[in-house]
*Asks:* 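Here it is: the structure, laid out below.
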Amino acid sequence: MTWVYIEDIGKHEDEDVEIRGWVYNKRSGGKIRFILVRDGTGILQATVFSADDQNPLFLKFDELTQESSLIVRGRVREDKRAPGGYELSLQDIEIIQVAKDYPIALKEHTTPFLMEHRHLWLRSRKQHAVLQVRTEVIRAIRNFFDDRGFRLMDTPILTPSACEGTTTLFETKYFDQMAYLSQSGQLYNEATAAAFGKVYCFGPAFRAEKSKTRRHLIEFWMVEPEVAFATLEDTIELGQDLILFIIERVLKNRRADLEELERDPKPLEAVSRPFPRITYDEIVPRLQAKGSPIQYGDDFGAPEEGLISEMSSSPVCITHFPAAIKAFYMQPDKDRPDLALGVDFMAPESYGEIIGGGQRIHDLELLERRIREHNLPREAYAWYIDLRKYGTFPHSGFGLGVERTVSWMCGIKHIRETIPFPRLLYRIYP
RNA sequence: UCCCCGGUAGCUCAAUAGGCAGAGCGGUUGGCUGUUAACCAAUAGGUUGGCGGUUCGAGUCCGUCCCGGGGAGCCA
């Protein structure tokens, strides 16, 4: 008998098939028994009907508990009463293990309880749908860059010093010296961009910040493209194309998961090019007019991000920030050297910043001055400075946060559900 | 790090003004021919987060610690 996956069940109508999986739930009604079987790709209702309550299949059914593992065999039939439209008329139940006291019931639980059982919570429908969207988003990102001729360059996770020198770093021992977990692959990618032209890295980033909000993870995934000779304008276009491509893929391939999540697709369908662009100089008075206490020179807080996201149904691109509030490597505007050629993409529906990037300094002397001004250890940046010595080149790039993007796609408020095992302040188990 | 909130049965919660510790779900047993988190009946299940204090009496009031949740700052 052929082993098939539930997501393909429609192709096997009226055939005898085998499903290998787990009991999602079961019900009985006199002479009929229902098992909802889960195999990782979907849930299928399997039925047994018999007038004999000593029927061997009934006896096996009675042993089954939630999340017991089993193999079921039977005939696939279309039936409107079954969830999903198909069901399996059971011929055989092979029990692998009867699970005892599965902790997660099919009802409401609190988040702390579910997080404590994250390894099992992943099996539930909603979590399954979110992570299906995550894999789609990641696949879309890889396809997008691969199809445009970008080279994947894996940057190191163990680094000898701070990439940006600002945020708190996780320290670890590296034999007889110290090492730090990477916060970003960007600086290394500026080197690979000089070798390959257009590159991207895609990996985890670590921030030892004591952040405790729905938008922060201690360990998160980020994709960072870097393009030699690209300007700020080029990088905005690239970010816009990437976001539109991700949305298109999610809407095309993960409709059923969005439905499971009760995510209204309309706000995603409404995203269109060009994304509105506004400079920092222009946005500050507009925020003040809407009641924000922001002063010129301040960075945006959560309330400001909310106000910005209400301005458009597409992400809003904020550019030309005061150099003082941005990273040391940001290229200044040639007419207004107090402004940095950076861009932040603010997602609609209050999902906040999903992309941060811009043009990097390529002038050797300016970079050396910025390193001094930020009190960064010159020796650690010697290789980075070399990039400006040996054929320097204007270049730009950005970082897109995977989990923030997935939360936005799914319409869920807390980022912790968008990664299989979130690392949070006060939570590193399981 | 700061502000706010919470911790009672395996889970989700209730318990008047300080006065006998409760319900639903899950478990177990029985019933039901189409269930959709099925339903009906019965049944078992408790060191009220820890320590200390006030009181004749504390789940309830006070102190302290632990654990968690929400928000801020910072950022993807």
Side-chain angles (χ1 to χ4, degrees), chain A residues 24-36 43-53 58 62 65-67 77 79-85 87 89 99-117 124-126 163-164 166-168 182-186 202-224 239 298-305 325-327 343-347 351-357 398-408 413-416 418-419 424-427 429:
Chain A
Y24 180 75
N25 198 6
K26 64 172 195 175
R27 301 182 193 95
S28 63
K31 311 243 177 328
I32 191 161
R33 301 283 190 273
F34 302 95
I35 310 172
L36 290 171
I43 294 176
L44 180 68
Q45 175 163 284
T47 59
V48 204
F49 179 85
S50 172
D52 172 14
D53 62 8
F58 275 21
D62 290 342
T65 57
Q66 193 189 353
E67 290 302 324
R77 290 188 298 101
D79 193 312
K80 289 195 172 60
R81 292 168 297 187
E87 68 180 21
S89 294
K100 289 284 178 219
D101 302 322
Y102 186 69
I104 301 178
L106 296 171
K107 60 162 202 150
E108 301 266 334
H109 290 280
T110 56
T111 306
F113 176 80
L114 291 168
M115 273 300 167
E116 199 66 18
H117 298 84
S124 69
R125 293 173 120 136
K126 193 177 162 194
C163 270
E164 304 188 16
T166 49
T167 11
T168 324
S182 174
Q183 299 178 309
S184 162
Q186 181 202 317
F202 198 159
F206 307 87
R207 304 270 163 98
E209 279 289 324
K210 296 216 166 180
S211 296
K212 191 166 155 35
T213 79
R214 66 182 67 179
R215 298 186 310 282
H216 287 87
L217 292 171
I218 304 301
E219 177 182 311
F220 65 99
W221 285 69
M222 186 159 63
V223 62
E224 295 175 282
D298 292 348
D299 212 341
F300 307 124
E304 285 74 32
E305 289 194 358
I325 57 172
K326 287 290 171 182
V343 58
D344 283 358
F345 284 53
M346 300 292 183
Y351 280 94
E353 186 186 341
I354 51 167
I355 281 183
F398 63 81
L400 172 131
V402 168
E403 290 77 15
R404 287 187 183 178
T405 304
V406 175
S407 318
W408 174 33
K413 37 311 120 207
H414 207 302
I415 198 171
R416 66 187 159 206
T418 64
I419 185 167
L424 299 160
L425 187 62
Y426 309 133
R427 167 149 265 128
Y429 176 90

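Here the structure is a predicted model, which is why all the values come from computation and not from measurement. Worth knowing before you read on, the calculation uses all heavy atoms, side chains too, and leaves out hydrogens, waters and symmetry mates. So that the names make sense, note that chain A is the first sequence line, chain B the second, and so on, each numbered from 1.
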*Asks:* Tell me whether the side-chain N or O atoms of A:S211 pair up with the base of B:C74 as donor and acceptor below 3.5 Å, since no angle test is needed here.
*Replies:*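 When only heavy-atom distances are counted, A:S211 does reach the base of B:C74 through a donor-acceptor pair under 3.5 Å.
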*Asks:* Relative to the 5' end of RNA chain B, which residue comes earlier, A:L424 or A:T47, by the nucleotide with the nearest heavy atom?
*Replies:*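 Checking each residue's closest nucleotide, the 5'-ward one belongs to A:T47.
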*Asks:* Can you measure A:H216 atom NE2 to B:C74 atom C1' for me and round it to whole angstrom units?
*Replies:*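 Value for this atom pair: 6 Å.
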*Asks:* Which whole-number value in Å describes the distance from A:I218 CD1 to B:C74 C1'?
*Replies:*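 Distance check: A:I218 CD1 to B:C74 C1' gives 11 Å.
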*Asks:* Work out how far the P atom of B:C20 is from that of B:G34, and round it to whole angstrom.
*Replies:*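 After rounding to an integer number of Å, I get 45 Å for this pair.
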*Asks:* For B:G68, does the base pair up with any side-chain atom of A:E116 as donor and acceptor (N or O, under 3.5 Å, distance only)?
*Replies:*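 Answer is no: no donor-acceptor pair is held.
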*Asks:* Listing time: all N or O pairs from protein to nucleotides 23-31 of chain B that are below 3.5 Å?
*Replies:*
unit_1: B:G24; atom_1: N2; unit_2: A:K107; atom_2: NZ; d: 2.9

*Asks:* What pattern of brackets, bars and dots sums up RNA chain B from 5' to 3', given Watson-Crick or G-U wobble pairs under 3.5 Å, [ ] for crossing pairs and | for another strand?
*Replies:* (((((((..((((.....[..)))).(((((.......))))).....(((((..]....))))))))))))....
*Asks:* At less than 4.0 Å, is any side-chain N or O atom of A:R427 found next to OP1 or OP2 of B:G69? Yes or no.
*Replies:*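 Yes, within the criterion.
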*Asks:* Counting the atoms with a prime plus P, OP1 and OP2 as sugar-phosphate, which does A:H414 contact under 4.0 Å by heavy atoms, base, sugar-phosphate, or nothing?
*Replies:*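 Sugar-phosphate contact only.
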*Asks:* With heavy atoms under 4.0 Å as the rule, sort A:A302 into base, sugar-phosphate or nothing.
*Replies:*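 Result for A:A302 = sugar-phosphate.
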*Asks:* OP1 or OP2 of B:G69 less than 4.0 angstrom from a side-chain nitrogen or oxygen of A:T111, does that happen here?
*Replies:*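 So the side-chain polar atoms of A:T111 never come under 4.0 Å of the phosphate oxygens OP1 or OP2 of B:G69.
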*Asks:* Have a look at A:R125 and say if it touches a base, only the backbone sugar-phosphate, or nothing, with a 4.0 Å heavy-atom cut-off.
*Replies:*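 No contact at all - A:R125 keeps every heavy atom at 4.0 Å or more from the nucleic acid.
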*Asks:* Say you pick atom C1' in B:G57 and the same atom in B:G19; how far apart are they, in whole Å?
*Replies:*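 B:G57 and B:G19 have their C1' atoms separated by 7 Å.
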*Asks:* At their closest point, which heavy atom of A:I415 faces which heavy atom of A:T418, and how far apart are they?
*Replies:*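 Closest pair (atom of A:I415, atom of A:T418, distance): O-OG1, 2.7 Å.
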*Asks:* Counting only side-chain N and O atoms of A:R81, is one of them less than 4.0 Å from OP1 or OP2 of B:U33?
*Replies:*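 Checking B:U33 against A:R81, no side-chain N or O comes under 4.0 Å of OP1 or OP2.
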*Asks:* With sugar-phosphate meaning primed atoms plus P, OP1 and OP2, does A:P103 contact a base, only sugar-phosphate, or nothing at under 4.0 Å between heavy atoms?
*Replies:*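 No contact at all - A:P103 keeps every heavy atom at 4.0 Å or more from the nucleic acid.
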